[in-house]
Each structure stands twice: as C-alpha cells, then as structure tokens.
Amino acid sequence: MLRLQTIICTFSVLSFAARADFKARNCSEVREACVGKGFSFAHVPLQEIPGEHLRVCPQGNTCCTQEMEDKFGQQSKQDFENLVDEMSHELRSTFVSRHKRFDEFFLELLENTERSLNEMFVRTYGKPYMQNSEVFENLFAELKRYYTGGNVNLEEMLNDFWSRLLERMFTLLNSQYVITEDYLECICKYTEQLKPFGDVPRKLKAQVTRAFIAARTFVQGLSVGREVAQRVSKVSSTPACIRALTKMLYCPFCQGMPAVKPCKNYCLNVMKGCLANQADLDPEWNLYIDAMLLVAQRLEGPFNIESVMEPIDVKISEAIMNMQDNSAQVSYRVFQGCGQPKPAGMTRSARGVSDVFNARFRPYSPEERPTTAAGTSLDRLRIVWNAMQHSVLDIKEKLKLSKKFWSNLPEAMCVEDRVTAGNASDDECWNGHTKGRYFPEVQKDGLTNQVNNPEVGVDITRPDTFIRQQIMALRVMTTKLKNAYNGNDLSFQDSSDEGSGSGSGSGCTEVCPTEMDGGATEAPVVEADRSGPVDNSASLPAPSVALPTMLALSALALHRQWR
C-alpha cells in the first residue's frame, strides 16, 4: 500500500511539472509578436510542436511552422538591407548634398565673374568692347566646359586665348595695314620668340590650371564618393548570410522567446560575415578620403579659386599693357619676319581713325561704384566666394567623419536597442541556440578573415565582383586626386611638356603653319643688335590704343572695386 501511494505521489508531481512546463512553452507570446511585426501567417501553433520540418532554426520543440520559417527568412533579408540602407543614409546624403552645393557654388562663381567683368566693360566702354567681347566669352565658356567634364586641355585652351587676343590687338594696333589670315598665322608661328605679353601668360596659366584642376577633380571626387556609397549600400545577401540572419533575428521566435535579442558578439560575427566584401572596400575608401582632404586643403590655400578668379582681369590687363608698351618693337619684328603688310588705303584708314584713335573712354573711379547690375553682380560674387569657402570647410569635416565607415558598419549595426541585447545582458541574450552567453571569438574585418566564421559560411576565394569594381573606381579617383594635389591633370599630363610654351602664353594651335611662302618664311629677327626698318615703307606704325587701353583700365577699375 505504501509503495502504491509513493507511485501515485510521484506521478502527481510529474504531471504537475509537465503542466508547468507546458504553460511555460505555449506560443501565445509568439503569436502576439508576429502580429506586432505585421506577419500574417495562415497558422501559428498554440503550443510547441515537433520541429523536424525546420531547416534553419533548432529542430526540437518549436512554435514555428515551415511557412513561418520561410517568411522569417524573407523578412531577415529585408531587415538586413533596410538596416544597411538606414545606417548609410547619412553618408550618402552627405555626398549628394555636398556635391550639389559645391557644384552650384563653383558654376555660380564662374558665371558671376564673367557677368561682372562683362557688365562693367559694356557699361564703361560700350561698342569697342562689345565688338571684341567674344574673346573673353570663349575663355569663360571653355573654363566652364573643362570644369563640367569636357575634353578641354587647359594649357592649349589658354594658349589659344592669348593667340586670339594677340591677333585682335595686332590688327587694331596696325589698322592702317591689311592684316590677312595668312599674316596672322605667320605671327602665331613666331609668337614664342616675340613674347608680346611678357611673362603674364605663363604665370596666369600656372594659377588657372592648378585651381581649375583642383576644383574639377574635387567635384568629380565627390561624385565618385556619392556613387560608390549609393551602390555599396545596396547589399546583395548570399544564401548563407540569409540563413545566419534568420537564425539570429527570428529563431528566438521559434523557441518561444521573441523578446530575447541576439548577443552582441554573435551579431558582430554575423554582420562581419555578411558584410565581408564591404569591409574590403575600407582601405581604398580611406585612401580616397585622405586624398580628398588634401585637395580640399589646396582649394583653401594656394589653389583657392577665388585667388585666381579675382585677379584674372588684372593679369590680362598687365599682359595687354605689356603688349601696348612694346607694340612698336613687336610690330617691327613681325614685319621683319613676316614681311611688310599692304597699306589699308584711305577708306579703311579713315575708319580706323574715327572708330579707334578718336574714341576716348574712362573707367569708373572707386567712389563712382555702379549701383546697377554690375554692382549687384560684384556683391553676389563676394557672397558666393564666402559660401564656397564655408562649403569646403564643411565638406572637410564630413569627409573626416566618413573614414573607416565600411569596416565600422557591423559595430554600428550591432548596437543595443537596434539589433542586440547589449553588453549588459551577456547571459540573457540569444546565442543562436538558446538564451545564454555567446562564447566564440569575434572575427576580424574583411573577406579573408571570415574563413573560420562560426556563423556565416563565406567563400573567401570568390570576392564580390561588384565590390571590386567600386574599389577600382576609388583607386582611379584617388590617383586623380593625388595628381590634382600636385597641380597635374591626369587626363592631359602627357599632352605637353611642363615648360612648353610657357614663355609666351600665345602658343599656336592647329591653325599655325609649318612653313610660309616667299619672304614670309624668314623668322623675325629678335637679337638686340638688329635695328632699323626693312625699308622706308616699313616705318613703325602709329598704334591704335583704344582696345588695349580700354581693357587695361577697365580691368584695373574692376580690380579696385573687388579689393
């Protein structure tokens, strides 16, 4: 009898324990959690069922059907992609907004510089400038085309500008002669020896090319950073990654513990495996950021576009005055080399006197500052300059913050309240099997370091081709930035020698002849001991000074106002 009572008592205790265990393992909390996350399953077990059908989560007793596990897998992929997108949003928006801002400022700077110069010249000098303004319009158009990515060789373009300016000035200074296209070609041929504009073209070319190379390369760098960030943030999850994410994020549901978050180190191993290729982007990304910061320093300092654009008018003015001061000698030596041009005749000569010699203009004095569009443009120019300087400073700070972004991404994702339970809950977190401490070591960053990742099966022999393309894009851009830092344009670094044409700034383009006919083939004599006219008819011409004087005075006036 005593033995029977003992058996009945034991059975009662076991039955009570079984009922208590059943109560602890019901799936009502899982049902509520699934509804809260927006899942609409056809069936969620009321209590645990055998889990032989599961392929990712533990196969013991479970609250999940096969349909639930499949949908958890799909949702894991979506959650991961959304999280990467969220974490990279600030980086992407930074590059998008800063690229747009810098680009707008620079283009506005160019437009306002040209508009201010043009408005002042038109207002002050009227028709004589308007008849020759296309020389300057073409200069600014080519500068803009270069900046916006056009196939423009800055050195050749600037040489061509000085050639065109020389042609206009020589023709006006010798308006009593018929200056033909062939004759202008001859002048172009020997300009290197004449150096009509002195040393100004060489110095200005060095300043303009360095500043514009830096600005164009910098805005291209921002564009590349924007594109790389946008592309890499659109992750493509492998099946092994999706399995690991499902196991980490949703298998706690199947175990009846939907509120339990993954352990931090567990999360780090999963994310480092899933983002292994992205982490490999980081070394090249950091080099790219360093190169961007170097070019930004140039834009703040010696390659500051403001320091170049502001004195352009003064530099051109100085060159024109050099040409004007030496016009007699230049014309004389041209006549020696290219022959004596034919007289224009009374009609042309009379027109030249009335249109050129008798025209008298004066620039505005500092106290007569225009208050119309010209003054407004100058004010706007200063505003744009200041805004652009602040823009560069802002971009520098944002670039510094973006270093090591891709290698730090797993750490940023595995933070408390986002994915993990946090460091304070090491014993109360999901370790991939149950609630408890996670013991495996956290893997290092990058693809090759995932060979022994305990959570994600990663094929380290097959790098992501798409990520490798982005690495190469960054590498190419970094090389361009380093060249720009040194004042070199990678696209045209082999187009000409560093010192070629630097003496005159009026080098020839394809219109320059290789040889001339007759007496015009003789090079102009530039030695100091050669003097005297070729004949009496080649006496020094009375130069027409309206255009050079007009440009010089106007440029100086504009410079005083800008100062």
Note, Phe105 side chain near Leu109 side chain (heavy atom, < 4.5 Å): no
query: Is there a side-chain contact between Gln255 and Pro58, using heavy atoms and a 4.5 Å cut-off?
result: yes
- prompt: Is a donor on one side and an acceptor on the other found under 3.5 Å between the side chain of Tyr288 and the backbone of Gly221?
  reply: yes
message: Can you see whether Tyr146 engages Asn153 through a side-chain donor-acceptor pair at a distance of less than 3.5 angstrom?
response: no
task: For the pair Arg216 and Asp489, find out whether any cationic side-chain nitrogen is under 4.0 Å from an anionic carboxylate oxygen.
output: yes
query: Which residues pass the side-chain contact (heavy atoms from CB on, under 4.5 Å) test with Thr479, sequence neighbours left out?
result: Asn483, Leu490
- request: Please say which of Glu111, Glu137, Glu108 ends up in a salt bridge (charged side-chain N to carboxylate O under 4.0 Å, His left out) with Lys144.
  value: Glu111
query: What residue pairs, at least two apart or across chains, pass salt bridge (charged side-chain N to carboxylate O under 4.0 Å, His left out) with a residue in residues 234-257?
result: Asp85-Lys234
query: Are any of the side-chain heavy atoms of Phe405 and Ser88 separated by less than 4.5 Å?
result: yes
field: Heavy-atom closest pair, residues Ala244 and Val270
entry: CB-CG1, 4.1 Å
message: Are the side chains of Met257 and Val30 in contact, using a 4.5 Å heavy-atom criterion?
response: no
query: Any side-chain heavy-atom pair from Arg468 and Asn277 closer than 4.5 angstrom?
result: yes
task: Could you list the residues that satisfy side-chain contact (heavy atoms from CB on, under 4.5 Å) with Arg231, not counting sequence neighbours?
output: Glu227, Phe466, Gln470
- prompt: Does the pair Arg164/Asp160 count as a salt bridge with the N-to-O cut at 4.0 Å?
  reply: yes
message: With no hydrogens and no angle check, just 3.5 Å: does a side-chain donor-acceptor pair link Arg226 and Ser223?
response: yes
message: Are Val456 and Asn269 packed together at the side-chain level, in the sense that at least one heavy-atom pair is separated by less than 4.5 angstrom?
response: no
query: Should the pair Lys261-Glu428 be classified as a salt bridge under the 4.0 Å nitrogen-to-oxygen rule?
result: no
field: Spacing of CZ belonging to Arg298 relative to CG belonging to Asn486, to within rounding of 0.5 Å
entry: 6.5 Å
- prompt: Can you name the nearest heavy-atom pair linking Met271 to Pro410, along with the distance?
  reply: CB-CB, 3.7 Å
query: What is the ring orientation for Phe253 with Tyr250, classed by angle as parallel under 30°, tilted 30 to 60°, or perpendicular over 60°?
result: tilted
- request: May I ask you to check whether the SG atoms of Cys64 and Cys57 are separated by less than 2.5 Å?
  value: no
message: Using side-chain contact (heavy atoms from CB on, under 4.5 Å), reason through Arg31 and Leu46 one step at a time and then give a plain yes or no.
response: CA-CA 8 Å; Arg31 292 172 60 89; Leu46 295 175; 4.0 Å; yes
message: I'd like to know whether NE2 of His53 has more than 12 heavy-atom contacts from other residues, nucleotides or ligands below 6.0 angstrom.
response: yes
statement: Nearest heavy-atom contact between Pro283 and Asp280 is CD-O, 3.3 Å
Close side-chain approach of Leu294 to Asp290, heavy-atom, < 4.5 Å: no
query: Applying the side chain to side chain contact (heavy atoms under 4.5 Å, CB included) test to Phe212, which of Thr217, Leu110, Val152 qualifies?
result: Leu110
query: Roughly how far apart are Leu275 CG and Trp406 CH2, rounded to 0.5 Å?
result: 9.5 Å
query: Does any N or O in the side chain of Gln450 come within less than 3.5 Å of the main-chain N or O of Gly446, such that one atom is a donor and the other an acceptor?
result: yes
message: Looking only at the side chains, is there a donor atom on one of Asn138 and Glu142 sitting less than 3.5 Å from an acceptor on the other?
response: no
Listed partners of Ser402 passing side-chain contact (heavy atoms from CB on, under 4.5 Å), at least two apart: Leu91, Trp285, Ile289
Heavy-atom pair with the smallest gap, counting every atom of Gln75 and Phe39: CG-CZ, 3.6 Å
- prompt: Taking only residues two or more places apart in sequence or in another chain, which ones pass salt bridge (charged side-chain N to carboxylate O under 4.0 Å, His left out) with Arg98?
  reply: Asp394
task: Can you sort out the partners of Cys27 under disulfide (SG to SG under 2.5 Å), two or more places apart, ordered by chain and number?
output: Cys63
query: Would you find more than 12 non-hydrogen atoms of other residues, nucleotides or ligands less than 6.0 Å from Gln230 atom CD?
result: yes
query: With no hydrogens and no angle check, is any side-chain donor or acceptor of Asn26 less than 3.5 Å from a backbone partner on Ser28?
result: yes
field: Contacts of Lys37 that satisfy side-chain hydrogen bond (donor to acceptor under 3.5 Å, both in side chains) - sequence neighbours left out
entry: none
task: Kindly give the heavy-atom pair with the smallest separation between Ser237 and Ile242, and that separation in Å.
output: CB-CG1, 3.8 Å
query: Any chance the rings of Phe218 and Tyr147 have centres within less than 6.0 Å?
result: no
query: How would you list, by chain and number, every residue that makes a salt bridge (charged side-chain N to carboxylate O under 4.0 Å, His left out) with Glu411, sequence neighbours excluded?
result: Lys264
field: Distance SG-SG for Cys414, Cys267 less than 2.5 Å
entry: yes
task: Give a yes or no answer on whether the side chain of Ser97 reaches the backbone of Thr94 with a donor-acceptor pair at less than 3.5 Å.
output: yes
field: Pairwise salt bridge (charged side-chain N to carboxylate O under 4.0 Å, His left out) hits with a residue in residues 441-460, at least two apart
entry: Lys272-Asp445
- prompt: Could you walk me through whether Gln78 and Asn82 pass the side chain to side chain donor-acceptor pair (under 3.5 Å) check?
  reply: CA-CA 6 Å; Gln78 188 65 48; Asn82 290 343; 3.0 Å; yes
message: Measuring from atom CG of Asn408 to atom CE of Met413, what distance do you get when rounded to the nearest 0.5 angstrom?
response: 13.0 Å
task: Using modelled atom types only, decide if a donor and an acceptor are shared between the side chain of Glu69 and the backbone of Val56 within a distance under 3.5 Å.
output: yes
- line: Between Val295 and Ala484 the two heavy atoms that sit nearest each other are CG2-CB, 4.5 Å
message: Under a 4.0 Å threshold between the charged nitrogen and the carboxylate oxygen, would Arg202 count as salt-bridged to Asp199?
response: yes
- prompt: Between Leu299 and Phe102, does a side-chain contact (heavy atoms from CB on, under 4.5 Å) hold up when you go through it step by step?
  reply: CA-CA 12 Å; Leu299 288 172; Phe102 183 89; 4.0 Å; yes
field: Any Asp79 side-chain heavy atom under 4.5 Å of Leu245 side chain
entry: no
- prompt: Among all residues two or more places apart in sequence or in another chain, which pass the salt bridge (charged side-chain N to carboxylate O under 4.0 Å, His left out) test with Arg437?
  reply: Asp426, Asp427
task: Mind checking side-chain hydrogen bond (donor to acceptor under 3.5 Å, both in side chains) for Lys77 and listing every partner two or more places apart, or none if nothing turns up?
output: Glu81
- prompt: Counting only heavy atoms not in Lys396, do more than 12 sit closer than 6.0 Å to its NZ atom?
  reply: yes
message: Test of understanding: with salt bridge (charged side-chain N to carboxylate O under 4.0 Å, His left out), list the residues that count as partners of Glu114, not counting sequence neighbours.
response: none
message: Whether the side chain of Ser407 engages the backbone of Ala279 through a donor-acceptor N/O pair (distance < 3.5 Å, no angle test) should be reported.
response: no
